[in-house]
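First comes the structure, then the notes that go with it.
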Amino acid sequence: MNYWLVKSEPFKYSWDDFVKEGKSVWDGVRNYQARNNMMAMKKGDWVFFYHSNEGMEVVGLAEVQKEHFPDPTTEDPRWVVVELIPIKKFAKTVTLKTMKADDRLSGLALIKQSRLSVTPVAKAEFDIILSLAE
DNA sequence: GCCAACGTTGGC
DNA sequence: GCCAACGTTGGC
């Protein structure tokens with residue numbers, strides 16, 4: 001069981017859009033590191049859903065429904081997608097500010113590699129963020 | 001809106 | 001294969 005974090009700009013695709021559709025094919029990733037992370041995702045892994053640019057906070061929890069398959073939005077075979085389903089919206093969102101201020105989260109890939117759209121989250125980090133969200 | 005970080009491209 | 005130029009992302 002692994003843990004991840006995906007980013008989306010809420011004015012393009014928000015948590016509410018995600019819930020409305022009931023699932024999401026995470027397409028459009030054109031970065032090798034992010035792609036590699038998606039390829040490592042297993043069905044049942046948990047995924048934080050983060051709003052970048054506006055909000056800058058973790059808003060909810062999702063789960064990997066389908067492991068990687070070719071990105072239907074491109075002919076290029078290098079790119080893959082995963083399918084995610086929403087699990088729950090957090091009672092309290094966890095802002096980037098909060099995470100940056102927490103020493104226990106100083107190693108978070110989200111903070112260290114702010115431009116990467118799909119990042120791994122360690123079990124310990126996952127538990128801390130989850131506890132901050134409840 | 002600015003700019004730092006960083007990935008990608010292309011000339012050599 | 002190096003590196004400068006350029007484009008994109010995302011925090012502030």
Side-chain angles (χ1 to χ4, degrees):
Chain A
M1 174 92 180
N2 286 304
Y3 306 92
W4 311 93
L5 181 146
V6 295
K7 292 200 278 200
S8 183
E9 298 178 59
F11 63 88
K12 283 186 188 160
Y13 190 82
S14 69
W15 171 264
D16 289 341
D17 296 330
F18 183 31
V19 170
K20 211 176 298 168
E21 291 175 13
K23 65 176 183 181
S24 177
V25 173
W26 212 255
D27 60 29
V29 172
R30 298 291 181 268
N31 171 287
Y32 288 110
Q33 251 185 295
R35 188 231 20 207
N36 291 345
N37 288 334
M38 290 206 294
M39 289 176 79
M41 286 185 187
K42 297 291 178 196
K43 184 175 162 66
D45 280 359
W46 280 346
V47 184
F48 284 135
F49 192 107
Y50 174 83
H51 279 169
S52 63
N53 278 305
E54 284 173 29
M56 291 181 284
E57 58 194 2
V58 178
V59 290
L61 182 65
E63 182 180 329
V64 178
Q65 168 94 338
K66 265 190 208 164
E67 292 175 16
H68 68 92
F69 56 95
D71 189 334
T73 66
T74 177
E75 296 292 305
D76 194 327
R78 289 176 301 171
W79 306 116
V80 302
V81 297
V82 292
E83 190 176 294
L84 304 176
I85 52 170
I87 299 298
K88 70 166 175 178
K89 184 174 183 155
F90 291 143
K92 279 194 296 180
T93 59
V94 183
T95 63
L96 181 65
K97 195 180 163 198
T98 300
M99 293 187 282
K100 275 190 165 172
D102 194 319
D103 288 342
R104 298 170 301 170
L105 297 175
S106 61
L108 202 62
L110 172 72
I111 294 168
K112 291 204 300 185
Q113 284 174 280
S114 65
R115 293 180 60 231
L116 195 58
S117 58
V118 182
T119 59
V121 178
K123 171 85 166 81
E125 294 165 344
F126 182 89
D127 290 342
I128 292 163
I129 294 169
L130 200 59
S131 73
L132 294 171
E134 287 167 343

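Below, chain A is the first sequence line, B the second, and so on; all start at residue 1.
- A salt bridge links A:Lys89 to A:Asp16: one of the charged nitrogens lies within less than 4.0 Å of a carboxylate oxygen.
- Residue-level contact check: A:Lys97 touches neither bases nor backbone, having no heavy atom under 4.0 Å from any strand.
- Considering only heavy atoms from C-beta on, A:Phe69 comes within 4.5 Å of A:Val81 through its side chain.
- When the C1' atom of C:dC12 is taken as reference, atom CD of A:Glu9 falls 15 Å away, rounded to whole Å.
- Rounded to a whole Å, the CE atom of A:Met56 is 7 Å from the C1' atom of C:dC12.
- Between B:dG7 and A:Gln33, a contact under 4.0 Å exists linking OP1 or OP2 to a side-chain N or O.
- Partners of A:Lys112 under the salt bridge (charged side-chain N to carboxylate O under 4.0 Å, His left out) rule, at least two apart in sequence or in another chain, do not exist in this structure.
- Distance NZ (A:Lys7) to P (B:dC6): 12 Å, rounded to an integer number of Å.
- C:dG7 atom P lies 14 Å from atom CZ of A:Arg115, rounded to whole Å.
- In this entry the distance linking CG of A:Asn31 with P of B:dT9 reads 12 Å, nearest Å.
- Between A:Leu96 atom CG and C:dT9 atom C1' there is a gap of 14 Å when expressed in whole angstrom units.
- Using modelled atom types and a 3.5 Å distance limit, the side chains of A:Asp71 and A:Thr73 yield a donor-acceptor pair.
- Nucleotide B:dC6 holds its P atom 14 Å from the CD1 atom of A:Ile111, rounded to whole Å.
- Note on A:Lys123 versus A:Asp127: salt bridge recorded, some NZ/NE/NH1/NH2 to OD/OE distance being below 4.0 Å.
- Note: NE2 (A:His51) to C1' (C:dG11) measures 16 Å, nearest angstrom.
- Dashed line: the shortest gap from a side-chain N or O of A:Tyr50 to OP1 or OP2 of C:dT9 is not under 4.0 Å.
- Summary for the helix from B:dG1-C:dC12 to B:dC12-C:dG1: the axes at its two ends, each from 5 pairs, differ by 10° when rounded to the nearest 10 degrees.
- Between A:Ser106 and A:Asp103, the side chains place no donor N or O within less than 3.5 Å of an acceptor N or O (distance only, hydrogens not considered).
- Here the rule is side chain to side chain contact (heavy atoms under 4.5 Å, CB included) with A:Pro120, and of A:Asn2, A:Asn37, A:Asn36 only A:Asn37 fits it.
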